[in-house]
Participant: 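I have a structure I would like to understand better, so I am pasting it below and will then ask my questions one at a time.
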2 protein chains.
Amino acid sequence: MEIRELRYFVAVAEELHFGEAAQRLGMAQPPLSRAITQLERRLGIALLERTSRKVTLTAAGDVLLAEGRAILSAVTAAERRTRRAATAHPSLVLAVKSGTAGELLTKLLDAYAAEPGAATVELLLCEAHQHQLLLQDGQADVALLHLPFDSAAGLDTETLYTEGQVAILPASHPLASRSQIRMADVTTLPELPMARWPGPSGSYPEGPGAEVRNLTQLFQLIALGRTTVVIPESASADLRRDLAAVPVLDAPPVATAIAWPPHSRLRTVADLIRVATRL
Amino acid sequence: MEIRELRYFVAVAEELHFGEAAQRLGMAQPPLSRAITQLERRLGIALLERTSRKVTLTAAGDVLLAEGRAILSAVTAAERRTRRAATAHPSLVLAVKSGTAGELLTKLLDAYAAEPGAATVELLLCEAHQHQLLLQDGQADVALLHLPFDSAAGLDTETLYTEGQVAILPASHPLASRSQIRMADVTTLPELPMARWPGPSGSYPEGPGAEVRNLTQLFQLIALGRTTVVIPESASADLRRDLAAVPVLDAPPVATAIAWPPHSRLRTVADLIRVATRL
DNA sequence: TGCAGCGATACCTGGTCGGTATCGATCTGC
DNA sequence: GCAGATCGATACCGACCAGGTATCGCTGCA
């Protein structure tokens, strides 16, 4: 199996249409058909069911689609990382969800900078769930993320610390003066539906709450009395004066973790992880 | 970058000798030289430093070696999994370190077998640290392993339960009658050096203790008064009569976890994991 | 029934993969 | 210090295969 064949198969499996897949690949349709047929013959397996009107995946094709995508991104990651390793200046790209771990991040960067042989750390601010892609295709070397919210599938992680969660409410809201509340208290407010974050696919779950992408948007909507949210305690540092944070007793604890691709051989990554776990 | 080129590069990078690499690949040396040169030219990066007497890896080459190995095993895994998915009978290969999780394993298999649509579960008994390879190259679908002993780098895991550790001693040993001991008590016995297990690379760490590969060997050597060991409590069920297990208070807790490759799309794997976490 | 859409097939051309022969450099031993 | 051995690079060649165009055959639809 060659990368080229995988790229072809993934394109066809995603488009489920030879002509459009060929166009996306910048080639003519006949060689694409032939390449797929040959791949199937070499594997001895049918990957696609085709009539002259419709193309569908077989069970085997479904598996190969998932595997193939992973391999393709691993290949582009390999190229990127190799290229990076060849440049003289050792640098390190750290992906951080904007608004995450303010104080921890400062301490981490300071502590790492004090290490002998520390590389320049580039910060790559990203949106929720984007870490994984960035690490997987080699655009980032390390990431800070929140478990169990951010998926760390296929990554190695080390938990740095855990914390409780707080509900963010308009300062004038009746619950805002409470010293602590429970999940049930905030999830059942009809006038303040919980804000919705985009899922791993980038689409929003169904629900009445506002759709938000970052903390600024979120805080503005909460101040306007349109929504509320339960977030890790540390994300509520330096809150606007018109908002209040109330600890939610039974919200699941959130871990801030450092994550890296499992086969990383970069000394700089190992150093950063070591420093982080010692904080 | 093509798989073929990666395979060539990994061979050369491992042998550090074009001639032997070519032999291992079953080809002549000149086309191999040319393929590597072309790969370097396309990447625009030197991967190898060669004099006519010695070949060494550049920093970039070192990175690509690690990435390349991962990609190659991902490719063979993809082929194997695709082929498996094409067979009519859905089956599931579960890798278990021999001697692990006796009771838990029974319960898991029973519970899974009771699921609607359960696949036939094949057990693949393996030695320490082998799980990872088996999962990575697609020979197994799921594994039971012990954290933090077995590395789960690049795998997704779910912890099933945690337990303490016990020291295994000859029944006649003075410490054997104690109800509990500490690590310091067993690590400092000059007449009973701790047994050594093979590391992830397959080689044994330095030390005075006996080299062992499995529990049978181990127990025999302990009974003979040659060594001792600290292992998870559950592994000491049904101990020989001439051995004793003593809880070690300050030994790190051991988690038995179920692990699977991060991109697994098999419904059967998802089912097994769900059943396992509910146990 | 005729047409449009789509994948498969037939056929051609150029690139490239892999082979053999050989060169040039470097290390070794007498 | 020189001859031979070792090893990677280069030159050249044949076979294969990737990719292109033209066209066929099937299928759903008006």
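We name chains A, B, ... by the order of the sequence lines, and we start the count at 1 in each one.
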Participant: Give a yes or no answer on whether the side chain of A/Glu79 reaches the backbone of A/Gly138 with a donor-acceptor pair at less than 3.5 Å.
Facilitator: no
Participant: Report yes or no: does B/Thr157 contribute a side-chain atom to a donor-acceptor pair with the main-chain N or O of B/Ala257 at less than 3.5 Å?
Facilitator: no
Participant: So, OP1 or OP2 of C/dT16: does either fall under 4.0 Å of a side-chain N or O from B/Gln38?
Facilitator: no
Participant: Examine C/dA8: is either OP1 or OP2 under 4.0 Å from a nitrogen or oxygen in the side chain of A/Ser33? Give yes or no.
Facilitator: yes
Participant: Between C/dA8, D/dT21, C/dG19, which nucleotide gets closest to the side-chain atoms of A/Phe18?
Facilitator: C/dA8
Participant: How do A/Pro30 and A/Thr51 order along DNA chain D: which one's closest nucleotide is nearer the 5' end?
Facilitator: A/Pro30
Participant: Check the distance between D/dA9's P and B/Ile36's CD1 and give it to me in whole angstrom.
Facilitator: 9 Å
Participant: Would you say B/Tyr112's side chain and B/Ala119's backbone share a donor-acceptor pair under 3.5 angstrom?
Facilitator: yes
Participant: Taking CD from B/Gln23 and P from D/dT6, how many angstroms apart are they, rounded to a whole number?
Facilitator: 14 Å
Participant: Over how many whole Å does the gap from A/Lys54 atom NZ to D/dC26 atom P extend?
Facilitator: 21 Å
Participant: Starting at CZ of A/Arg4 and ending at C1' of C/dG15, how long is that distance when rounded to a whole Å?
Facilitator: 13 Å
Participant: Expressed in angstrom and rounded to an integer, what is the separation of A/Met27 atom CE from C/dG14 atom P?
Facilitator: 18 Å
Participant: Check the phosphate of C/dG7 against A/His17, side-chain N and O only, distance under 4.0 Å to OP1 or OP2. Yes or no?
Facilitator: yes
Participant: Tell me: OH of B/Tyr8 to C1' of C/dG18, nearest whole Å?
Facilitator: 8 Å
Participant: Ion pair present between A/Glu67 and B/Arg84, side-chain N to carboxylate O less than 4.0 angstrom?
Facilitator: no
Participant: To the nearest Å, how far apart are B/Leu32 CG and D/dT10 P?
Facilitator: 14 Å
Participant: Between A/Arg34 and C/dA8, is there a side-chain N or O to OP1/OP2 distance below 4.0 Å?
Facilitator: no
Participant: Could you state the atom-to-atom distance from CD of B/Glu2 to C1' of D/dA18 in whole Å?
Facilitator: 12 Å
